[in-house]
Novice: 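First, the structure itself, so that you have it in front of you.
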Amino acid sequence: MPYHPEEALPAWFLGPRAENAELVERLVIEALRDHVFWRRNYHPEDGVGIREVDKRREGYEAAVATLTQELMGLLAALKRDIPFFSGRYKGHMVFEQTIASQIGYFAAMLYNPNNVAAEVSPVTTRLEVEVAGQLGRMIGYDPGTAWGHLTSGGTVANFEALWIARQVHYLPVAAAGAARDLGLPLEVALPTRAVARLDELPLWALVNIDNGAALDLWQALWASAPHADVGRALEAHSLSSAGYQDYTMRLAHTYGDPLQAAVVLVAATAHYSWEKIVRALGIGANQLVYLPVDASCRLDPAALWERLHMLALRRTPVLACVSVCGTTEESAVDRLDEVLAVRERARRELGVAFHLHSDACYGGYAAAVTWRADGARRTGAEIRATTDGVWPSDEWVRAMTALGDADSVTIDPHKLGYVPYPAGAFLLRDRRARELVAVDPPYLAPARAAPPGDDLFLGRSIFEGSKPGAAAAAVWLSHKVLPLDERGYGYLIERTAIGARRLHSALATSELGPFRAVVLPEPDINIVCFVVRHAAPTTLAAVNDLNEGIYRRMSLGHDGPAPEYIITRTRFRTPMYDGAIEPILAALDVGTVEEWRGNGREGLVVLRATVMDPVLAAPASGVDHVAGFVAALGRACAGALSEESHLG
Ligand SMILES: Cc1ncc(COP(=O)(O)O)c(C=O)c1O
């Protein structure tokens, strides 16, 4: 069937006025009735459990009355919830969900499958494995060697990434100990590609083995001795059995080497989940090293190189580096291709190896833009031909297509996948590594290709246990209706990027009376950041007060009239945001970077408008929310100023 995404788009969502209510109602009833038939046909000889006469009893009627009454109360309370469906909502990274995902969720929820294992979810665990494969292919992973699954969200997916990265990092140490115990003369490839005897390597070399080489070593170890012996020996030398405290003492004793604690490098724009994760894994928040960003809030590859160089000189191992694809606050897409090039240089010149993760929780779905319907990649020029030339750059396309070279990637369907919570995804380039966190039991599984069916017990190699099969059904059905290419998600996200550019340019050029919006560079995807200033000479503190006041008037959760449009705000702080701040300070005319540094605690309040509404690109009917937004912003500015003067 020919596919016209511009004609299909109106069928993808319920709509701001619930224009597709009839369609949704029909599908909900279809799903419910089908479930009812299923129950009625399951061992009909069992007879009924609830008789008609039971339904006429007083207690039954009272229970139904309570249910109906309380539901009415709940429905009334929910009217105070957030209108994500409206073009007026430009707050956090959420919009309405695709009809496909809502129906998929509802239909599967009636069966309540638990995707911890196929035994309790024979249908939806398969759907989960299938959608993980689709997401893996979208980012360029080889389906033959990659693996992935859904999580409750980005935080847990990121946790798994670092959990596995840590296991791989210390794997050669465990393997060296196991090989020593078993008297096995194993060899391993070093980052320089030279091959060395495992028992001759110092600790520094053991914690600087490429992921692939570490996993080859692990496989060789399993192949060299009876599995029970290898399992026992690995267990005796693994960090996950000993825990950090014991492990550190043992390593110091065995190698006589007081190695520095391993660090995790993250972009300054990293989501706060990373701090939670290093704390939870016992790596320690002190070991989380933030790297500066450039004017577009992208990780600065030159700063990464300098940091790696310095760490190598100090013999500080790097456990992992986290690059971001679609930052939480700005939707910035790090130049992952350049980050990978820095890692390659570090391998060659410094003999340093580490796990490279891309946190694409927000931006990952934008990789759909890079795929044609026939399965070939689209060039930057091809994509620009469908976006009036406004987006994206060739550099952006290079960064997105580099995702396939990251060791792991996290992508949240419940963000740019427009599906209901909870749905994150963890994707691993080399599926062998999942065995290092498997508990059933740990380290005893032989290193072999998973036999068919093995993948269907997800619980053994993931962090969570019970998990909703309904979430997998939601993502699966949504991917069916909106393919992960130019016909579906690619088209949808393209529209949001165009809409964000419309808003960006309107803000940059609009007259707001005595106010002016200073915009950050055009977003890499669809979050527009800006700061408002008044024409009169001003200070950084006054600019912050003004923008806080605007935020209060354009957000929910505070007293006062309902906002006309809903946005959020963040605070850029020194020193990590220095690269992004310089041009903004100049445009605001509120002092130099040096002064801002001196005033580091205050930071700069930055307003954010997230454009996940695909209609903003070219509204065909109703209100144009670009014009509406700018006008509402003008009123919020005036209100905030009068509030401030009043306070003053
Ligand atoms: C880049 C990034 N990573 C991770 C997360 C955490 O995701 P979740 O809230 O689903 O746990 C977010 C959430 O906003 C994010 O933007």
Side-chain angles (χ1 to χ4, degrees), residues 82 84 89-95 97 101 135 139 148-163 165 264-281 288 290-291 293 296-299 320-334 336 339 356-367 399-400 403 406 408-427 462-464 467-468 471-472 474-475 493 496 500 523-529 567-570 576-577 606 608-612:
I82 316 292
F84 296 136
Y89 184 80
K90 308 217 170 312
H92 292 287
M93 39 182 64
V94 50
F95 186 63
Q97 304 95 60
S101 64
L135 291 170
I139 60 159
H149 67 92
L150 298 181
T151 63
S152 64
T155 301
V156 171
N158 282 341
F159 179 93
E160 284 195 12
L162 203 53
W163 188 32
V264 176
L265 305 177
V266 293
T269 47
H271 185 256
Y272 75 100
S273 56
W274 291 103
E275 184 172 339
K276 285 198 250 180
I277 294 163
V278 290
R279 286 177 185 272
L281 281 172
L288 189 65
Y290 290 96
L291 298 166
V293 293
S296 296
C297 296
R298 303 176 194 137
L299 167 64
C321 172
V322 178
S323 162
V324 192
C325 172
T327 57
T328 313
E329 280 128 306
E330 310 86 4
S331 75
V333 173
D334 286 350
L336 183 60
V339 172
L356 186 53
H357 174 75
S358 174
D359 180 348
C361 282
Y362 184 61
Y365 267 84
M400 293 306 291
L403 281 169
S408 54
V409 176
T410 42
I411 300 185
D412 286 350
H414 68 203
K415 294 191 172 78
L416 275 186
Y418 295 78
V419 312
Y421 300 110
F426 170 66
L427 305 171
I462 70 173
F463 187 68
E464 289 167 284
K467 60 211 278 298
V475 181
I493 292 166
T496 69
D524 283 338
I525 307 178
N526 53 16
I527 302 179
V528 179
C529 294
I567 59 169
T568 55
R569 59 97 166 79
T570 185
M576 289 308 154
Y577 268 95
V606 173
R608 309 165 57 243
T610 305
V611 180
M612 284 179 62

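In each ligand, atom 1 is the first atom listed, and ligand 1 is the first ligand listed.
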Novice: Nearest protein heavy-atom contact for atom 14 (O) of ligand 1: which residue, which atom, what distance?
Specialist: Lys415 CE, 3.3 Å

Novice: With atoms numbered from 1 as shown, which atoms in ligand 1 lie under 4.0 angstrom from a non-hydrogen atom of Cys361?
Specialist: 2 (C), 3 (N), 4 (C)

Novice: Would you say ligand 1 has an N or O under 3.5 Å from any N or O of Ser273?
Specialist: no

Novice: In ligand 1, which numbered atoms sit nearer than 4.0 Å to a non-hydrogen atom of Asn158?
Specialist: 3 (N), 4 (C)

Novice: Mark up the atoms of ligand 1 that fall under 4.0 Å of a heavy atom belonging to Thr328, in ascending order.
Specialist: 1 (C), 2 (C), 14 (O), 15 (C), 16 (O)

Novice: Determine whether the side chain, the backbone, both or neither of Val156 has a heavy atom under 4.0 Å from any heavy atom of ligand 1.
Specialist: neither

Novice: Looking only at distances, please establish whether an N/O atom of ligand 1 is found under 3.5 Å from an N/O atom of Thr327.
Specialist: no

Novice: Provide the closest heavy-atom pair for Met93 versus Met612 in the form atom of the first, atom of the second, distance.
Specialist: C-SD, 3.4 Å

Novice: Closest non-hydrogen protein atom to atom 11 (O) of ligand 1, residue and atom name please, with distance?
Specialist: Thr155 OG1, 2.5 Å

Novice: Is Thr610 reaching over with its side chain to a backbone N or O of Ile527, donor-acceptor style, under 3.5 angstrom?
Specialist: no

Novice: Test your reading of the model: is there a side-chain donor-acceptor pair from Lys415 to the backbone of Gly364, 3.5 Å cut-off?
Specialist: no

Novice: Among protein heavy atoms, which sits nearest to atom 3 (N) of ligand 1, and what does the distance come to when rounded to 0.1 Å?
Specialist: Asp359 OD2, 2.8 Å

Novice: Specify the closest pair of heavy atoms between Ala161 and Phe426, including all atoms of both residues, with the distance to one decimal.
Specialist: CA-CE1, 3.5 Å

Novice: Considering both backbone and side-chain atoms of Met93, is one of its nitrogen or oxygen atoms within less than 3.5 Å of a nitrogen or oxygen in ligand 1?
Specialist: no

Novice: Test side-chain contact (heavy atoms from CB on, under 4.5 Å) on Ile82 and Val94; report intermediate values, then the result.
Specialist: CA-CA 10 Å; Ile82 316 292; Val94 50; over 6 Å; no

Novice: What atoms of ligand 1 come closer than 4.0 angstrom to any heavy atom of Asp412?
Specialist: 7 (O), 10 (O)

Novice: Please determine whether side-chain contact (heavy atoms from CB on, under 4.5 Å) holds for the pair Asp359 and Asn158, giving the CA-CA distance in whole Å, both sets of side-chain angles, and the decisive distance to 0.1 Å.
Specialist: CA-CA 7 Å; Asp359 180 348; Asn158 282 341; 3.0 Å; yes

Novice: If you measure only the distance, is there a donor-acceptor pair under 3.5 Å linking the side chains of Tyr421 and Asp412?
Specialist: no

Novice: Glu464 and Ser152: side-chain donor and acceptor closer than 3.5 Å?
Specialist: yes

Novice: Gly154 heavy atoms, cut-off 4.0 Å: which ligand 1 atoms fall inside?
Specialist: 6 (C), 7 (O), 8 (P), 10 (O), 11 (O)

Novice: Identify which of His271, His92, Lys276, Glu329 has a heavy atom lying nearest to atom 12 (C) of ligand 1.
Specialist: His271

Novice: Return yes when His414 approaches ligand 1 closer than 4.0 angstrom through a heavy atom, no otherwise.
Specialist: yes

Novice: Looking at Thr327 and Ala332, would you say the former's side chain and the latter's main chain have a donor-acceptor pair under 3.5 Å?
Specialist: yes

